[in-house]
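Quick notes on the structure that follows.
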Amino acid sequence: MDAPTTTSSDDDTSGEGGGWFTPRKPPKRQEDGEPQQSGADGPGPAEARRMASIRPLARPGSATAEATGPTPATESGGAALATEPPEGRIPAAREASEPTDVLTHARVAPTETRPDTGPAAQHNAGPAAQPDTRPESRPAAQVETRSPDAVLVQRTMAEIGPVSDKVTSYFYALLFTRHPDLRALFPAAMDTQRDRLLKALLTAAEHIDNTDVLVSYLKNLGRGHRKYGTQPEHYPAVGEALIGSLSRYASAVWDEETEAAWVRTYTTISQVMIDAAAEDELRAPAWWFAEVVAHDLRTPDIAVVTVRPDQPYPFLAGQYTSLETPWWPRIWRHYSFASAPRSDGLLSFHVKAVPAGWVSNSLVHRARPGDVLRLGPPSGSMTVDHTTDSGLLCLGGGTGIAPIKALVEDVAEHGRRRPVEVFYGARTDHDLYDIDTMLRLQQTHPWLAVRPVVDQRAQLPDAVREYGPWNEYDAYLSGPPGMIRSGVDALRDVGIPAGRIRHDSVEELVAAAT
Ligand SMILES: NC(=O)C1=CN([C@@H]2O[C@H](COP(=O)(O)OP(=O)(O)OC[C@H]3O[C@@H](n4cnc5c(N)ncnc54)[C@H](O)[C@@H]3O)[C@@H](O)[C@H]2O)C=CC1
């Protein structure tokens, strides 16, 4: 999720100057369709009420928190994100029920980006999200389990689904006309990633009841937004634009109750993000500078880029980072670490230049030793569980082999002789740009088997079916979104339970592809 997000404030000053929360009615529009800026007199009484509602809560344990009591969400019977999720592993139900692809990150820069399936608004629950007002007529298994706020939020999402592009445009128009200072936090060209912020927020709102996955997602989002310069006082401005845009385009279902549900939901979301960012500030920089120390062009469009961070960069094998080049300020893309943590502190990435991929093209064709990049914090849960002896079944497609190589090195460093089977897929022999490294690793480690799979001969998922059995293995997939999807299907077919299949978010991968 790459886009500066929101803001909110701990004091009473941030509402001054007007325009904080969205007016109940859509703002008057100018002839060009852009919303007008709010007047200099500040918000009216209705806005003031909402501003109070959306202000983030004090941190747990603070005097203010004790004085104010439970969160608005809790008070209202809405969702409360109090549950701490297990750290470090993808939730077991991931493939089956999680808010999913969107919530599980991906490079996958297509996590970092996604030609994807459209704004999060399109992930809505559809007709199923409609509340059933006749519970007595339904079988017990179908009794509504969603919170009242979730029902209202999902109803809004269903309404805006068909006009999600307009919602997005209006959201950013409201945000930037009312808060021009926030424009500088976003890339100059908003076309490729303008909907990331809104998409992330809508996705989170839609899954407000799924606390286990959502808290982890939002904390990550909050930490990740530090590199954009996001401050707590920005959150109310975003919330205002969010409500303004939703109320305009979901007008058929929008009422006071719906608005209150969104305010509570957004308040909860922003609070988790703000707290996570504040916690992170105590122990990590918002970003790292990293100097390119080696640039190895492996094919005409694939480079292995090695960098030296300006200060220690802790991460786990299998994770990824966000990366900004000096040539495209504020455009961040995700790349997996291509090695386990090294004693010399260097990091390497495998980058493929793709059409219209501004960042990837710069990294492949322009970057040279001495150039300085910026890195965001590490992210991702496609990491090895060292508490078990299960084998690792790894599918790496194209440059998706990068984190797989890191996982192999990680297993080697932990000295456990657990079987690791790597299927390395590529379009042609020539595209197996890292096969020499993988075969060298195989020679060194008797527990490792590397099997190149070239398209003319077989597809990666089919090749996996020919081997096995895989019931004692945890599976790791990394590569293009289509490969992830068909790979997951194949793995489920051969009996690997969803909870033992790990991969980065397909959506992020799509995004990362640019
Ligand atoms: N650079 C990095 O650090 C990482 C990159 N990725 C992602 O990996 C992808 C790599 O792209 P390329 O190297 O161009 O890969 P590619 O398009 O050349 O494909 C690599 C392999 O995946 C297979 N594949 C592709 N689509 C498939 C489908 N629908 N079903 C079954 N198999 C399929 C291909 O047959 C080939 O064997 C990108 O999407 C990138 O975002 C993923 C993780 C890390």
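Both counts, for ligands and for their atoms, begin at 1 and track the order of listing. Quantities reported herein were computed from a predicted structural model and do not represent experimental measurements.
Taking only nitrogen or oxygen atoms, main chain and side chain alike, Y335 does not reach within less than 3.5 Å of ligand 1. Residue A426 has at least one N or O atom closer than 3.5 Å to an N or O atom of ligand 1. For ligand 1, the polar-atom distance check against S478 finds no nitrogen or oxygen pair separated by under 3.5 Å.
Among V359, L375, V305, the single residue meeting the side chain to side chain contact (heavy atoms under 4.5 Å, CB included) criterion with Y335 is V359.
When ring centroids are compared, F337 and F349 come within the 6.0 Å threshold. Checked against the 6.0 Å centroid criterion, the rings of Y467 and Y473 do not qualify as a close aromatic pair. Between H350 and Y433, the ring center distance clears the sub-6.0 Å criterion.
In Q459, the part holding a heavy atom less than 4.0 Å from any atom of ligand 1 is the side chain. Contacts between K352 and ligand 1, counted as non-hydrogen atom pairs separated by less than 4.0 Å, involve the side chain only.
With contacts defined as side-chain heavy-atom distances shorter than 4.5 Å, the pair E421/V464 does not qualify.
Under a 4.0 Å criterion applied to the non-hydrogen atoms of P403, ligand 1 contributes the atoms 44 (C). Interface of G482 with ligand 1, defined as ligand atoms under 4.0 Å from a residue heavy atom, comprises 27 (C), 28 (C), 29 (N), 30 (N). The S336 neighbourhood of ligand 1 comprises atoms 3 (O), 43 (C), 44 (C), with distances under 4.0 Å to a heavy atom of that residue. When each atom of ligand 1 is checked for a heavy atom of G398 under 4.0 Å away, the hits are 13 (O), 15 (O), 20 (C), 21 (C).
Evaluated by nearest non-hydrogen atom to atom 26 (N) of ligand 1, the leading choice among H503, M382, R427, R485 is R427. When the heavy atoms of S360, G425, A406, P480 are ranked by distance to atom 22 (O) of ligand 1, first place goes to P480.
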Intermediate values then yes/no, salt bridge (Lys or Arg N to Asp or Glu O under 4.0 Å), R492 and D489: CA-CA 5 Å; R492 299 296 302 276; D489 289 346; over 6 Å; no
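For Y476, there are no ring-ring contact (aromatic ring centres under 6.0 Å, His included) partners two or more places apart in sequence or in a different chain.
The existence of a salt bridge linking R465 and D493 is confirmed by a sub-4.0 Å separation between a basic side-chain nitrogen and an acidic carboxylate oxygen.
Heavy atoms of D455 approach ligand 1 to within less than 4.0 angstrom.
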